[in-house]
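Remarks on the structure that follows.
Note on naming: letters A, B, ... go to the chains in the order of the sequence lines (proteins, then strands), and numbering restarts at 1 for each one. From a predicted model like this one, the values you see are computed outputs, not experimental measurements.
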There are 2 protein chains.
Amino acid sequence: MYSIGTISARTGVKVPTIRYYEEIGLMPAAGRSSGNQRRYDGRGLDRLHFISHARGLGLSLEAIRHLLELSDKGRDCADAHQIAARHLSDIRARIARLQKLEAELERLSHSCDHAPGAPCGLIEALGDHGQCLGDH
Amino acid sequence: MYSIGTISARTGVKVPTIRYYEEIGLMPAAGRSSGNQRRYDGRGLDRLHFISHARGLGLSLEAIRHLLELSDKGRDCADAHQIAARHLSDIRARIARLQKLEAELERLSHSCDHAPGAPCGLIEALGDHGQCLGDH
DNA sequence: ATAGAACCTCTAGTGACTAGAGGTTCAAGA
DNA sequence: TCTTGAACCTCTAGTCACTAGAGGTTCTAT
């Protein structure tokens, strides 16, 4: 049996975060010691590893909750793949958007010649969307 | 003079969001009609355009607040460029991270052969960080 | 037995909004 | 001038995924 501090150290998930996961039902209510402290077994540790890993991949807690349910039920992985596919396309969309912003911001930075006394071209450009190429 | 609804329509910023910007001091407190409704002039509209554009580029309200101060003071654009540069490197870091996640998630999806009855390889892989390449 | 690290619950705060309740004002048409 | 209803007002509370702090209790090692 592990204390909350132990599984925190093993998974890298902070102690208050573990309690938060329990509060929202992502982690099952842990067993308690005689003095009311949480005690976890290997399954609890595994589950927290799963959550931590999926969070690291950027999945929302809602998606993880869904994945955990599928895992608990034990079969039919089509749904799991759908969740992963949705997340993947979401990631790709975010990359595309960030790349547009990157280009735009770089362009705006170059629209200023740093002339002393003159207004900053970058600030002007921020005020005037008309100068922009993209649709942000 | 424009009503809050009018500048909302012109900038695409929702009405409650404009009130929120005023509450946190990003928009100056607007003048009022005799019946206590907000009234904006061209400067208010410009300022909201600026904020909306910068938000669209992904800048935080804190960064925008800073930029607005620089703009109000009117000269020395080095600080503005520093803010933009910081944001640009932040965007690049986020792109790099998302690209890692993309690769990892794609790999995990392929680690399942969809055999009926067998446990889902994707879910197994999510539980076991040891299988991973990256450091997410 | 004791010290102090780790644990407990509870409340409140973060960023950037969004939603809703309950009430008031404005502008256009009759 | 009156009426209608769209737009406005303030205030509170909720979102996501935590994080911080107060004030108190339990565990573990010496």
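In this view, R19(B) satisfies the salt bridge (Lys or Arg N to Asp or Glu O under 4.0 Å) rule with no residue, not counting sequence neighbours. Under the rule for a side-chain contact (heavy atoms from CB on, under 4.5 Å), the partners of R39(A) that lie at least two apart in sequence or sit in another chain are M1(A), S3(A), S33(A), Q37(A). Among residues two or more places apart in sequence or in another chain, the salt bridge (Lys or Arg N to Asp or Glu O under 4.0 Å) test is passed with E22(B) by R32(B), R38(B). Partners of R86(A) under the salt bridge (Lys or Arg N to Asp or Glu O under 4.0 Å) rule, at least two apart in sequence or in another chain, do not exist in this structure.
Residue pairs meeting the salt bridge (charged side-chain N to carboxylate O under 4.0 Å, His left out) criterion with at least one partner in residues 41-60 of chain B, sequence neighbours excluded, are R47(B)-D72(B).
In this entry the distance linking CD of E23(A) with C1' of dA12(C) reads 13 Å, nearest Å.
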Scoring nucleotides 7-30 of chain D by protein non-hydrogen atoms under 4.0 Å (B base, S sugar-phosphate only, - none) yields -SSB------BBS------SS---
